[in-house]
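Both ligands and their constituent atoms are indexed starting at 1 by order of listing. Given the structure is predicted, the values throughout are model-derived calculations rather than measurements. FYI, side chains are in, hydrogens and waters are out, and symmetry mates aren't considered; it's all heavy atoms of this structure.
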Amino acid sequence: MAIIDAEAAAYGARLTIDLSAIAENWRRLGAQAPHIPCAAVVKADAYGCGLAEVAPVLWRAGCRTFFVAHASEAIIARSVLPDAVIYVLNGLIPGGGPALIAHDLRPVLGSREELDEWAALGAEAGRPLAAALHVDTGMNRLGLTVSEALALAGDPILARAEIDLLMSHLVSAERPDEAVNRRQCEAFGRVLRAYPGIPGSLANSSGCYLGAGIANDLLRPGYAIFGGNPTPGRPNPMRPVIRLEALIAQVRDVEAGDSAGYNAYWTAAGPRRLATLSVGYADGYPRAASGRGHALVGGVPCPIVGLISMDLIILDVTDAPAARRGEPAILIGDALDVDSVGRAAGTIGYEILTNLGSRYVRHYVETID
Ligand SMILES: *Cc1c(COP(=O)(O)O)cnc(C)c1O
């Protein structure tokens, strides 16, 4: 403990990542459709939690298929997952083929051009190279349109590009009442029927909770593995994964009329006690939470006052007797989950996770529920 505290003192803040909770969340997601496998989306450095640390934990939990956004991420994933199937969601970027082939990575192809290029690379390599095919059922972002995909069914190019997975992405999975979910599911079902024998994957984290019709052959969650709530507005079925604690660098008392922080954005209405935390927006804590977010000191919610600085945050700790120099304040953890921190900053928990900075001292722990 003493060593951890000395380390936290050197860094100002400690980020604790619970690897057991990550494995458990992945199992809970998989249990939503126990008859099919569950993959893991580990793009953006495993949602800020550390790809090299997280991926082997998921592998040991039984995960065999991984998705990342970029080839560069996939190369890191491959270095710790020698035997996994690794798909690159952003597809085949011009010039990107050789790196994919060298590391045995599978692009998620999104257009006829990508298919042709991948098949040509396979011909050059003297063997078909596996890939997934992305079908756009409503996002208008990546992938073949449904009619393009239907027209392509049975085309010999599919064997030459060794398409082993069809996938599509949900527009509004976290809103179960949106009609678009059913429309996408139906459109994707039509495509799957035109490609017999090729498995399909549609469900992201929230999609895993939309019922069996959306599950197809492979679940594809990301966010919820890392503790985000896949069922917004309802209790979070996941275990919390991250805890962010910053140390109090100073405590001071101010009088009515005193201001705090840049541009005197906050002024004390009466006598207040303020604590300054050694963490700021350069650590990834969102500046947009200025005047809106909270931290917990000794379990007491303390409002963030004034503008969040690059390296410092000011709290009103008047109601928190535990607030003393060197004590920790919880910025994420306990009652402050990533979703609520995201709301306080006018954003989503996904952005809070993927912005987690590199300046914290990071601790990976394995706990029992
Ligand atoms: C990010 C992503 C996922 C995972 O989504 P979550 O909402 O984080 O579970 C799945 N599929 C695609 C195509 C993605 O881009």
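- Classification of the Phe66-Trp59 ring pair by plane angle, with boundaries at 30° and 60°, yields parallel.
- Taking only nitrogen or oxygen atoms, main chain and side chain alike, Tyr223 reaches within less than 3.5 Å of ligand 1.
- Contacts between His169 and ligand 1 below 4.0 angstrom, taking non-hydrogen atoms only, involve the side chain exclusively.
- Any N or O atom pair closer than 3.5 Å counts here, and Gly222 shares at least one such pair with ligand 1.
- Side-chain N/O atoms of Tyr11 and Asp283 include no donor and acceptor closer than 3.5 Å.
- Protein heavy atom in closest approach to atom 2 (C) of ligand 1: Lys43 NZ, 2.5 Å.
- Linking ILVMFWY side-chain heavy atoms closer than 4.5 Å, directly or via other members, places Leu307 and Met310 in two distinct hydrophobic clusters.
- Residue Tyr350 places a heavy atom less than 4.0 Å from ligand 1.
- Considering backbone and side-chain atoms alike, His134 places every N or O at 3.5 Å or more from each N or O of ligand 1.
- Arg28 contributes atom CZ, which lies 8.0 Å from atom OH of Tyr209 (distance to the nearest 0.5 angstrom).
- Residue contact check for ligand 1: Met167 places a non-hydrogen atom closer than 4.0 Å to it.
- When only modelled atom types and interatomic distance are considered, His169 and Arg220 share a side-chain donor-acceptor pair under 3.5 Å.
- Residue Asn204 holds the heavy atom nearest to atom 5 (O) of ligand 1 of all those in Asn204, Val41, Val42.
- Judged purely by distance below 3.5 Å, without hydrogens or angles, the side chains of Thr137 and Gln184 pair a donor atom with an acceptor atom.
- Once rounded to the nearest 0.5 Å, the distance linking CG of Leu244 with CG of Leu356 reads 7.0 Å.
- Near Ser205, with a cut-off below 4.0 Å to any heavy atom, the atoms of ligand 1 are 6 (P), 9 (O).
- In this structure, Pro221 is part of the shell of residues with a heavy atom less than 4.0 angstrom from ligand 1.
- Residue-ligand proximity, Tyr47 to ligand 1, at heavy-atom distances under 4.0 Å covers atoms 1 (C), 4 (C), 5 (O), 6 (P), 8 (O).
- Using a 4.5 Å heavy-atom cutoff, the side chains of Tyr265 and Ile314 are not in contact.
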